[in-house]
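Positions are given from 1, in the same order as the sequence printed here. Worth knowing before you read on, the calculation uses all heavy atoms, side chains too, and leaves out hydrogens, waters and symmetry mates.
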Amino acid sequence: MGQSVLVTSGKGGTGKTSLTAGISTCLGALGKKVICVDADVGLRNLDIALGMSERAVLDFLDVIKNPDCLEEALLPHPQIPNLSMLPAPTGVSPADVPIDGFKELIERLAEDADYVFVDSAAGLSAGFELAAASCESAIIVASPDPLAVRDASRAAQLLTEHEPMWLVVNRVRPKLVRLRYATNMDDAMDEIGLPLLGVIPDDEIVIAAATKGVPVILAASTGAAVSYLNIAKRFLGMKIPLERIKTWKISS
């Protein structure tokens with residue numbers, strides 16, 4: 001039985017979808033069988049971050065209604081073995097998705113994978129509740145923006161039954177932190193109350209890779225790509241040093 005992992009944030013714009021794609025592609029490249037589920041009902045974009053846009057024919061709501069179509073609905077990644085994706089439905093709202101049916105689907109996927117990552121909708125809405133109800137553990141993504149940190153803290157309070165649970169701080173600009181225009185890592189960890197799984201720099205390659213239709217780890221070997229790989233290795237229990245927070249130099 002694999003592990004189901006919710007990837008969420010308290011607000012939009014923190015880069016949780018980019019993180020879902022980044023850690024999933026790295027784990028797939030490391031030999032783990034990974035299934036990504038886009039749970040952002042009506043606004044799916046995980047396919048773009050994974051470099052799999054315009055390939056979806058069926059979505060997870062189709063599978064809930066007809067379990068026999070799962071194999072057809074799962075999209076294998078064209079470049080990374082062991083990685084596949086199940087898209088979110090469009091033209092519906094989270095209220096149209098039965099929570100019990102979605103939870104059963106995630107449990108079914110976890111029977112055949114090492115990890116199932118569920119990319120939730122932004123915010124603490126019905127979409128958040130749908131994704132949260134289906135997963136055992138969680139990664140909360142926050143940016144150093146004080147508003148994002150506060151909302152991430154609220155998300156953590158709502159996910160107390162998820163174990164383990166980690167924090168990833170994304171889109172970090174060291175200069176802004178040094179000038180105290182953004183929250184530093186110690187304060188973010190104290191307010192959110194979670195162990196730090198990793199820090200990701202604000203990196204233009206994330207946008208460039210999505211525009212080119214390739215995963216970040218296939219587009220670069222520095223910056224965010226290195227951070228994604230470090231996070232994936234820590235997730236597997238490898239002893240990879242955390243980013244050097246005091247000097248704000250990203251570890252390699």
Heavy-atom side-chain proximity of Val216 to Ser18 below 4.5 angstrom: no
Shared hydrophobic cluster, Val172 / Ile140 (ILVMFWY, side-chain heavy atoms < 4.5 Å): yes
Reported OG-to-CZ distance for the pair Ser9 and Phe128, which is rounded to 0.5 angstrom: 9.0 Å
Heavy-atom check, side chain of Met85 versus side chain of Ser24, under 4.5 Å: no
Non-hydrogen side-chain atoms of Val169 and Pro144 separated by less than 4.5 Å: yes
From CA spacing to verdict: side-chain contact (heavy atoms from CB on, under 4.5 Å), Phe60, Leu105: CA-CA 8 Å; Phe60 73 69; Leu105 172 60; 3.7 Å; yes
Note, Leu27 side chain near Leu236 side chain (heavy atom, < 4.5 Å): yes
Sub-4.5 Å side-chain heavy-atom contact between Glu104 and Pro67: no
Derivation and outcome, side-chain contact (heavy atoms from CB on, under 4.5 Å), residues Val63 and Leu58: CA-CA 8 Å; Val63 180; Leu58 300 175; 5.7 Å; no
Hydrophobic cluster identity match, Leu194 and Leu196, side-chain contacts under 4.5 Å: yes
Main-chain N/O of Leu197 paired to Arg234 side chain as donor or acceptor, under 3.5 Å: yes
Donor-acceptor contact below 3.5 Å, side chain Asn170 vs main chain Thr14: yes
Side-chain donor or acceptor of Ser134 paired with backbone N/O of Ala131 under 3.5 Å: yes
Plane angle bin for Tyr115 and Phe235 - parallel if under 30°, tilted between 30 and 60°, otherwise perpendicular: perpendicular
Backbone N/O of Lys32 and side chain of Asp114: donor-acceptor pair under 3.5 Å: no
Whether Ser4 side chain and Glu136 backbone form a donor-acceptor pair below 3.5 Å: yes
Atom pair CG (Leu61) and CG (Asn66), whose distance is rounded to the nearest 0.5 Å: 11.5 Å
Exam field: side chain Arg150 to backbone Asp145, donor-acceptor pair closer than 3.5 Å: no
Where His162 and Ala132 come nearest, the two heavy atoms and their spacing: NE2-O, 2.8 Å
Minimal non-hydrogen separation, Pro76 against Ser84, with atom names: CA-CB, 4.0 Å
Least distance between heavy atoms, Pro87 atom then Leu75 atom: CG-CD1, 4.0 Å
Evaluation steps, side-chain contact (heavy atoms from CB on, under 4.5 Å), between Val116 and Val5: CA-CA 6 Å; Val116 178; Val5 185; over 6 Å; no
Test item: His77 side-chain N/O and Ile80 main-chain N/O as donor-acceptor pair under 3.5 Å: yes
Rounded distance [0.5 Å steps], CD1 in Ile240 versus NZ in Lys233: 5.0 Å
hydrophobic_cluster_shared for Val206 and Phe117, side chain cutoff 4.5 Å: yes
Enclosure of Leu147 CG (heavy-atom neighbours >12, cutoff 6.0 Å): yes
Reported CZ-to-CD distance for the pair Phe102 and Glu107, which is rounded to 0.5 angstrom: 11.5 Å
Common cluster, Val118/Leu86, ILVMFWY with side-chain heavy-atom separation under 4.5 Å: yes
Ser153 side chain to Val149 backbone, donor-acceptor under 3.5 Å: no
Electrostatic pair Arg44:Asp119 at N-O distance under 4.0 angstrom: no
Side chains of Asp96 and Ser93, donor plus acceptor under 3.5 Å: yes
Working for side-chain contact (heavy atoms from CB on, under 4.5 Å), residues Ile106 and Leu109: CA-CA 5 Å; Ile106 300 303; Leu109 295 174; 4.3 Å; yes
Straight-line distance of Ile23 CD1 to Ile139 CD1, nearest 0.5 Å: 4.5 Å
Polar side-chain atom of Ser227 near backbone of Val199 as donor-acceptor pair, under 3.5 Å: yes
Nearest non-hydrogen partners of Ile231 and Gly198, listed with the distance: CG1-CA, 3.9 Å
Closest contact, heavy atoms only, Ala152 versus Ile192: CB-CD1, 3.7 Å
Distance (rounded to the nearest 0.5 Å) between Ser120 OG and Asp40 CG: 7.5 Å
Leu167-Leu6 co-clustered via ILVMFWY side chain contacts under 4.5 Å: yes
Residue pair Ala121 / Gly127: nearest heavy atoms and the distance that separates them: CB-CA, 4.1 Å
